[in-house]
Amino acid sequence: MHAISNLEHLPKRDLYAALLRETAALLGSERDLIANAANFAALVWQQVPVLNWCGFYLLKPDGDLLVGPFQGKPACVRIARGRGVCGTAAVTRRTQRVQDVNDFPGHIACDAASRSEIVVPLQRGDGTLLGVWDVDSPVPARFDAEDEAGMEALCRVFMASID
């Protein structure tokens, strides 16, 4: 079992650098999607401050995103491709960083307490879309460019662990 350090007290740059090392160590010896997704969600939930939800939505053959491993309150189960922040990230294949979800056209409010959100599309090495990584906060403008770069880097380590 890998011992997890308490990282949330670190400055953001150091937090993500340490979290990258922790993620690589935690996921490095396993290739299973569900096992690694569950541990990844738990690690981010434990270490990144001021979150109220983090988890995966996985692309299904019908084009919808279906909730996968996550931490937080029960979530929306199915999101149509192109709907909300998650659906937009899936279609555009670009990270969506939303400062105030109330200003995002078509935002899907799974938890009314969520005020800001960052969603990273997850692409396999062959370019196919696995789904999205979704992180919510009850604080408006919680996520900045440093969080975006950090979450994208974490997602690359996650994807390398299952590809």
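Because the structure is a prediction, the values reported are computed rather than measured.
Not counting sequence neighbours, the partners of Arg78 by the salt bridge (charged side-chain N to carboxylate O under 4.0 Å, His left out) test are Asp62, Asp64. Under the side-chain hydrogen bond (donor to acceptor under 3.5 Å, both in side chains) criterion, Gln123 pairs with Arg93, not counting sequence neighbours. Every residue meeting the salt bridge (charged side-chain N to carboxylate O under 4.0 Å, His left out) condition with Asp100, not counting sequence neighbours, appears here in chain and number order: Arg115. For Arg83, the side-chain hydrogen bond (donor to acceptor under 3.5 Å, both in side chains) criterion is met by no residue, not counting sequence neighbours. Applying the salt bridge (charged side-chain N to carboxylate O under 4.0 Å, His left out) criterion to Arg81, with sequence neighbours excluded, gives no partner residue.
Glu30 places no side-chain N or O within donor-acceptor distance of the main-chain N or O of Gly28, the cut-off being under 3.5 Å. A distance-only check finds no donor-acceptor pair linking the side chain of Gln47 to the backbone of Glu22 [under 3.5 Å].
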Let's go through Leu33 and Leu58 carefully: what are the C-alpha distance in whole Å and the side-chain angles of both, what is the deciding distance for side chain to side chain contact (heavy atoms under 4.5 Å, CB included) to 0.1 Å, and is it a yes or a no?
CA-CA 10 Å; Leu33 168 65; Leu58 303 174; 4.3 Å; yes
Verdict with reasoning, Phe70 to Trp53, per side chain to side chain contact (heavy atoms under 4.5 Å, CB included):
CA-CA 7 Å; Phe70 71 90; Trp53 200 90; 3.2 Å; yes
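Atom-to-atom distance recorded for Cys155:SG and Leu122:CG is 5.0 Å, nearest 0.5 angstrom. Interatomic distance, Ile34 CD1 to Ile162 CD1, rounded to the nearest 0.5 Å: 9.0 Å. Expressed to the nearest 0.5 Å, how far CG of Leu43 lies from CZ of Phe158 amounts to 12.5 Å.
Annotation: side chain to side chain donor-acceptor pair (under 3.5 Å) contacts involving residues 137-158, sequence neighbours excluded, comprise Lys12-Asp144, Lys12-Asp147, Tyr16-Asp147, Thr95-Glu152, Arg97-Glu148, Arg142-Asp147.
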